[in-house]
Amino acid sequence: NAGVMQNPRHLVRRRGQEARLRCSPMKGHSHVYWYRQLPEEGLKFMVYLQKENIIDESGMPKERFSAEFPKEGPSILRIQQVVRGDSAAYFCASSPDPVYNEQFFGPGTRLTVL
Amino acid sequence: GQNIDQPTEMTATEGAIVQINCTYQTSGFNGLFWYQQHAGEAPTFLSYNVLDGLEEKGRFSSFLSRSKGYSYLLLKELQMKDSASYLCAVTGGYGQNFVFGPGTRLSVLP
């Protein structure tokens, strides 16, 4: 019973490049959440998705960031034209149930922007 | 608005008991979660409270008072491996995202 999977685990990009982070939720989970964590700081909510729908993107910057969760395949967080301030750990979590919604976290993707 | 407060850092001795407090002010409430996060790793679930009172699970217990907007995590018989950050998170209800507190970094000393 595989847990939440994220890839890549580490990603290095130069300023101006694009970063694509992937998340495969646990089997049977249709709710996906993305969080960003800066060094020595707490988790900051970015976006909540269900299959083919963005439910809440109130935590996501208006520019350069986008997320999707297609009918088939993983959820993708996309950062265009990365800047040094985007360097952080990005965690994906999934849950099976929006009422009792314990979230199960993936191992994270550590993005470094040079 | 949404606001969750936790102490930034705590230190305790191996074998002792430590209580980590969390206060919250949120627009809705459908449960409070505690997660443990070791440095460089993903958060892992510890406990969930939705009703007032104490939930016990082995060496860990969590308490909730909804009227006071207050929770605590109690760790007994501390071990060195308990050195980690402890995150308090509140969910507002159906389809609501989690709001995480800043986390409390616990150091367990020999």
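In what follows, every chain begins at residue 1, and chains take the letters A, B, ... in the order their sequences are listed. Here the structure is a predicted model, which is why all the values come from computation and not from measurement.
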Below 4.5 Å from any heavy atom of chain A, which atoms of P43(B) appear? Answer side chain, backbone, both or neither.
both
Where on Q6(B) is there a heavy atom nearer than 4.5 Å to chain A: the side chain, the backbone, both, or neither?
neither
Residues from residues 86-94 of chain A approaching chain B under 4.5 Å (heavy atoms)
F91(A)
With a 6.0 Å cut-off (strictly less than), is the heavy-atom count around [atom1] of [X], excluding the residue itself, greater than 12?
X: R15(A); atom1: CZ; answer: no
X: M10(B); atom1: CE; answer: yes
X: Q81(A); atom1: CD; answer: no
X: E77(B); atom1: CD; answer: no
X: K51(A); atom1: NZ; answer: yes

When clusters are formed by joining ILVMFWY residues with side-chain heavy atoms under 4.5 Å apart, either directly or through shared neighbours, do [X] and [Y] land in the same one?
X: F45(A); Y: L43(A); answer: yes
X: L32(B); Y: Y72(B); answer: no
X: V108(B); Y: I17(B); answer: no

Region of Q37(A) that comes under 4.5 Å of a non-hydrogen atom in chain B
side chain
Could you check, using the six-membered ring where one of them is a Trp, whether Y35(B) and F105(A) have ring centers closer than 6.0 angstrom?
yes
Say you draw a straight line from CD of Q103(A) to CZ of F45(B); how long is it, rounded to the nearest 0.5 Å?
11.5 Å
For F104(A), which residues count as a ring-ring contact (aromatic ring centres under 6.0 Å, His included) partner, sequence neighbours excluded?
H29(A)
Between G106(A) and A42(B), the two heavy atoms sitting closest are O-CB, 2.9 Å
